[in-house]
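Here the structure comes first, spelled out in structure tokens, and everything after it is commentary.
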Amino acid sequence: MPRPSTVLHVMNAAAGGAALSTLGLMRALEQQGIASSAVCFPNGDAAERQALLDATHGRAEFVELYTWHRKIRSAAWKRPLLELRQWVRTRGRVRSLGAVALAARRTRAQLVHTNTILTPEGGQAARALGLPHVWHLRELIGPGDPFQLPLRGPALGRYLRRHASVVIANSGASARNLAGLLDADRLATIPNGLELAPFLALGPKVGGPLVVGMVASVTSRTKKHALFLEAARRLRGQAEFRIYGHLPAEGDDPYADEVRRLAQQAGVQLCGFLSAEAIAPQLDLLVHPADNESFGRTVVEAMAAGRPVVGANGGGVAELVEAGVTGWLAPPDDAEALARAIAEALQDPARRATFGAAGRERAR
């Protein structure tokens, strides 16, 4: 594949880990003289949209895109309604596909990059225009995983071979779900790129209470907040437990309201959204209870900051955390085991320091 001078990024969100990784990628490409433009699903707040506009020097537009997963993760009775709404908003994908193709022509893109497996328009537009297409797989899409696609098995493999020059999986956990579906030269496993300088510059935490934190939007139903909250309830009084992440107004989201109720029972603070750079100095220990992550950006950021991690022994997190070296791993969905691992970490400051130092080297 020849080196491009312009890349069009097709993004399913202006917020979240995939978006942050793509913004970092745009900055890295710019340093190599490669210009970026973007077509992005119209979500995210004003600051998040502005960050995308800044990274592309204004060459970003927000367009309703078709997403494979939204209806599939919803209750069965909702799926036809969600499909109909997507069909109307994208005009049967004609409008969304046309917007991506038009953006590629207007910006003279020489390569299309789709930043998650969940959005098909990038591959379809690239194929129609005869452009190479790099498709990022940042999700776990196997049986029982949180993201289910309408295609699976050999049908998915055939579709990807037609619509992707290469698929980049962000971890071994995500790549395993495409095992046998793509030739080795069409599937690469490359961890998400992160800009770690602000975290690597942090020193040890000085003073204050012991703080155990979880970092995840309180609207994200796959992050397993309840598991963290149950572990915190069992350890109440041994440390200050906090959840950092977007918190909608009371009554706006039933899931967030349930997290509020459980947090109150467990004595856990809901701190709302803060930047990762602001969170890391507050922590003594990061807990990541979800075993269904394909990667685990917050885990790498915490390790880069020298903070040890308690994670679930599954998905991408189990690839990032070396048990007994950079942190602790607990069996998935086991609040008692998670609480034991957290308690062990809280009771052994020397081990926390040793694991934190090892984690920093691993993050590098």
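Start at 1 with the first residue, then count along the sequence.
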Are D334 and R340 within salt-bridge range, i.e. N to O under 4.0 Å? no
Would you mind checking if K224 and E293 are paired as a salt bridge, meaning a charged N to carboxylate O distance below 4.0 Å? no
Can you tell me if R161 has over 12 outside heavy atoms packed within less than 6.0 Å of its CZ? yes
Are the side chains of V299 and V321 in touch, meaning some heavy atoms are under 4.5 Å apart? yes
Side chains of Q86 and T67: donor-acceptor distance under 3.5 Å anywhere? yes
Could you verify whether a donor N or O on one side chain and an acceptor N or O on the other, from T22 and N115, lie under 3.5 Å apart? yes
Are there more than 12 heavy atoms of other residues, nucleotides or ligands under 6.0 Å from atom CZ of R108? no
Carboxylate-amine/guanidinium contact R95 E64, below 4.0 Å: no
Given 3.5 Å as the limit, does a donor-acceptor pair link the side chain of Q110 with the main chain of S5, or not? yes
Taking the side chain as everything from C-beta on, heavy atoms only, tell me whether L25 gets closer than 4.5 Å to L29. yes
Heavy atoms, side chains only, cut-off 4.5 Å: are L210 and E240 in contact? no
Carboxylate-amine/guanidinium proximity below 4.0 Å for R186 and D183: no
Compute whether any side-chain donor of one residue and acceptor of the other, for S294 and N170, lie under 3.5 angstrom apart. yes
Would you check if the distance from the ring center of H113 to the ring center of H136 is below 6.0 Å? yes
Other residues, nucleotides, ligands: >12 heavy atoms within 6.0 Å of Q265 CD: yes
Give a yes-or-no answer on whether the side chains of Q269 and Y244 include a donor-acceptor pair shorter than 3.5 Å. no
Check step by step if side-chain hydrogen bond (donor to acceptor under 3.5 Å, both in side chains) holds for S96 and E121. CA-CA 7 Å; S96 55; E121 285 94 338; 2.7 Å; yes
Does L346 reach the side chain of V212, with side-chain heavy atoms less than 4.5 Å apart? yes
With distance as the sole criterion, is a donor-acceptor pair present between the side chains of H57 and E30 under 3.5 Å? yes
Does Y159 reach the side chain of H163, with side-chain heavy atoms less than 4.5 Å apart? yes
For R242 and Q282, test the side chains for any donor-to-acceptor distance below 3.5 angstrom and give the result as yes or no. yes
For R351 and Q347, which I'm curious about, is there any donor-acceptor pair between the side chains at under 3.5 Å? no
Start with the C-alpha distance between H9 and S36, add both sets of side-chain angles, then the distance that settles side-chain hydrogen bond (donor to acceptor under 3.5 Å, both in side chains), and finish with yes or no. CA-CA 7 Å; H9 303 268; S36 290; 2.9 Å; yes
Which value, rounded to the nearest 0.5 Å, describes the distance between E258 atom CD and R221 atom CZ? 11.0 Å
